[in-house]
Participant: 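Questions regarding the structure given below will be posed in turn.
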Amino acid sequence: MANKRILSEEDIRAAVTAMAKAILAGLPAPRGDWAVVGIHRRGVPLAQRLARALEELGAPPLPVGSLDITFYRDDMAETALHPVVHETELPFDIAGKTLLLVDDVLFTGRTIRSALDELMDFGRPARIALAVLIDRGHRELPIQADFAGRLVATRRDERVDVHLSELDGEDAVWLSAKTA
């Protein structure tokens, strides 16, 4: 299978705007007790974009943090001996806040489980809502997105790669065959 572009820059922009509208319609009005937290890598720029989109739609400016779940993963034994570790930055107290947890792709649910475990080490938020750009199905854990930019039907042997200009020089989502 050749790489197939399934979302363009315009599609990604529209998906983030649609998620922001759905969040404002689906959650109590954002106040000072809201924050947005992106999961490294691509969840972080998506969290920043989502916070901007919410603000453009009338929400107050929201603080944005980031999580590195590397040491919370349940597959550490299967990963590289020298994992790439990013910094977790939560420049606010999460206790009592409504958090929007943001990631690029929801697949098995294991990344989100790891993120929830790490967040609980920082405090007890009032609520956590999950926003993902792509929900591709194939859950292994009972985790669902509250807000998804797009639902994409995939096979387990396919790969969904999100490219964002902040990290990859382009905005696009690609579907391809998994490589060994």
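Every heavy atom of this structure was used, including side-chain atoms; hydrogens, water molecules and symmetry mates were not.
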Participant: Name all residues meeting the side-chain hydrogen bond (donor to acceptor under 3.5 Å, both in side chains) criterion together with His138; count only those two or more places apart in sequence or in a different chain, and write none if there are none.
Facilitator: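 With neighbours one apart ignored, the set is Thr154.
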Participant: Taking NZ, NE, NH1 and NH2 as the nitrogens, is one of them in Glu140 or Arg110 under 4.0 Å from a carboxylate oxygen of the other?
Facilitator: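 Arg110 and Glu140: salt-bridged.
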Participant: Answer yes if Leu151 and Leu130 sit in the same cluster of Ile, Leu, Val, Met, Phe, Trp and Tyr residues linked by side chain heavy atoms under 4.5 Å apart, and no otherwise.
Facilitator: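 No, it is not one cluster - the side chains of Leu151 and Leu130 are not joined through contacts under 4.5 Å.
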Participant: Does some side-chain heavy atom of Arg139 sit less than 4.5 Å from a side-chain heavy atom of Ile112?
Facilitator: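 The answer is no, as the side chains (C-beta and beyond) never meet within the 4.5 Å cut-off.
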Participant: Please determine whether salt bridge (charged side-chain N to carboxylate O under 4.0 Å, His left out) holds for the pair Arg52 and Glu55, giving the CA-CA distance in whole Å, both sets of side-chain angles, and the decisive distance to 0.1 Å.
Facilitator: CA-CA 5 Å; Arg52 278 192 307 272; Glu55 191 174 346; over 6 Å; no
Participant: Can you check whether Ile39 reaches Leu101 side chain to side chain, under 4.5 Å on heavy atoms?
Facilitator: yes
Participant: For Tyr72 and Asp121, what are the C-alpha separation, side-chain angles and deciding distance, and is it a side-chain contact (heavy atoms from CB on, under 4.5 Å)?
Facilitator: CA-CA 11 Å; Tyr72 287 81; Asp121 283 349; 2.6 Å; yes
Participant: Is it possible for you to say whether Leu167 and Val162 belong to one hydrophobic cluster, with membership spreading through side-chain heavy-atom contacts below 4.5 Å?
Facilitator: no
Participant: Say you draw a straight line from OG1 of Thr98 to CG of Leu62; how long is it, rounded to the nearest 0.5 Å?
Facilitator: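 Between atom OG1 of Thr98 and atom CG of Leu62 there are 10.5 Å.
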Participant: Roughly how far, to the nearest 0.5 Å, is the CD atom of Glu118 from the CZ atom of Arg113?
Facilitator: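 Here the rounded value is 11.5 Å.
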Participant: If you define the side chain from C-beta out and look only at heavy atoms, does anything of Pro125 sit under 4.5 Å from Met120?
Facilitator: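 Of all side-chain heavy-atom pairs linking Met120 with Pro125, at least one is under 4.5 Å.
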Participant: Do Lys21 side-chain atoms and Val16 backbone N/O form a donor-acceptor pair below 3.5 Å?
Facilitator: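 Looks like no, no N/O pair under 3.5 Å.
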Participant: Where do His86 and Leu67 land on the side-chain contact (heavy atoms from CB on, under 4.5 Å) test, with the steps shown first?
Facilitator: CA-CA 8 Å; His86 302 277; Leu67 280 182; over 6 Å; no
Participant: Show your working on salt bridge (charged side-chain N to carboxylate O under 4.0 Å, His left out) between Arg49 and Asp171 and close with a plain yes or no.
Facilitator: CA-CA 12 Å; Arg49 290 180 188 194; Asp171 280 355; 2.9 Å; yes
Participant: Hydrophobic clustering (ILVMFWY, side-chain heavy atoms < 4.5 Å, transitive) - are Phe107 and Leu116 grouped together?
Facilitator: no
Participant: Working to the nearest 0.5 Å, report the span between NE2 of His163 and CH2 of Trp174.
Facilitator: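 Spacing of NE2 (His163) from CH2 (Trp174) equals 7.5 Å.
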Participant: Could you state the interatomic distance from CH2 (Trp34) to CZ (Phe92), rounded to the nearest 0.5 Å?
Facilitator: 13.5 Å
Participant: Return yes if some donor-acceptor pair links the side-chain N/O of Arg127 with the main-chain N/O of Leu27 below 3.5 Å, else return no.
Facilitator: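 No, the answer is negative, given that no donor and acceptor are paired below the 3.5 Å cut-off.
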Participant: Report yes or no: does Asp68 contribute a side-chain atom to a donor-acceptor pair with the main-chain N or O of Thr70 at less than 3.5 Å?
Facilitator: yes
Participant: Quick one, Leu133 and Val102 - any side-chain contact, counting heavy atoms below 4.5 Å?
Facilitator: no
Participant: Under the side-chain contact (heavy atoms from CB on, under 4.5 Å) rule, what do Leu106 and Arg136 come out as? Steps first, then yes or no, please.
Facilitator: CA-CA 6 Å; Leu106 177 57; Arg136 62 171 289 192; over 6 Å; no
Participant: Would Val160 and Phe147 show up in the same hydrophobic cluster when neighbours are defined by side-chain heavy atoms closer than 4.5 Å?
Facilitator: yes
Participant: Would you compute the distance between atom CG of Leu7 and atom CZ of Arg13 and round it to the nearest 0.5 angstrom?
Facilitator: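 One finds 12.0 Å between CG of Leu7 and CZ of Arg13.
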Participant: With the side chain counted from C-beta on, respond yes when Leu90 and Leu119 share a heavy-atom pair under 4.5 Å apart, and no when they do not.
Facilitator: yes
Participant: Is the shortest side-chain heavy-atom distance between Asp168 and Arg42 below 4.5 Å?
Facilitator: yes
Participant: Looking at Arg31, I want to see if its CZ is surrounded by more than 12 non-hydrogen atoms of other residues, nucleotides or ligands under 6.0 Å.
Facilitator: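 No, the 6.0 Å shell around CZ holds no more than 12 heavy atoms from other groups.
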Participant: Output the distance between atom CD (Gln144) and atom CG (Asp135), rounded to the nearest 0.5 Å.
Facilitator: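 The CD atom of Gln144 sits 6.5 Å away from the CG atom of Asp135.
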Participant: Tell me, with the steps shown, if Asp161 and Val173 meet side-chain contact (heavy atoms from CB on, under 4.5 Å).
Facilitator: CA-CA 6 Å; Asp161 292 305; Val173 178; over 6 Å; no
Participant: Decide whether Val64 and Ile12 are clustered together by the hydrophobic rule: side chain heavy atoms of Ile, Leu, Val, Met, Phe, Trp, Tyr closer than 4.5 Å, transitively.
Facilitator: yes
Participant: Does some side-chain heavy atom of His40 sit less than 4.5 Å from a side-chain heavy atom of Glu87?
Facilitator: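 A side-chain contact under 4.5 Å is absent here.
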Participant: Pick one: which of Thr88, Thr111, Asp117 meets side-chain contact (heavy atoms from CB on, under 4.5 Å) with Ile69?
Facilitator: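 Looking at Thr88, Thr111, Asp117, the match for Ile69 under the side-chain contact (heavy atoms from CB on, under 4.5 Å) is Thr111.
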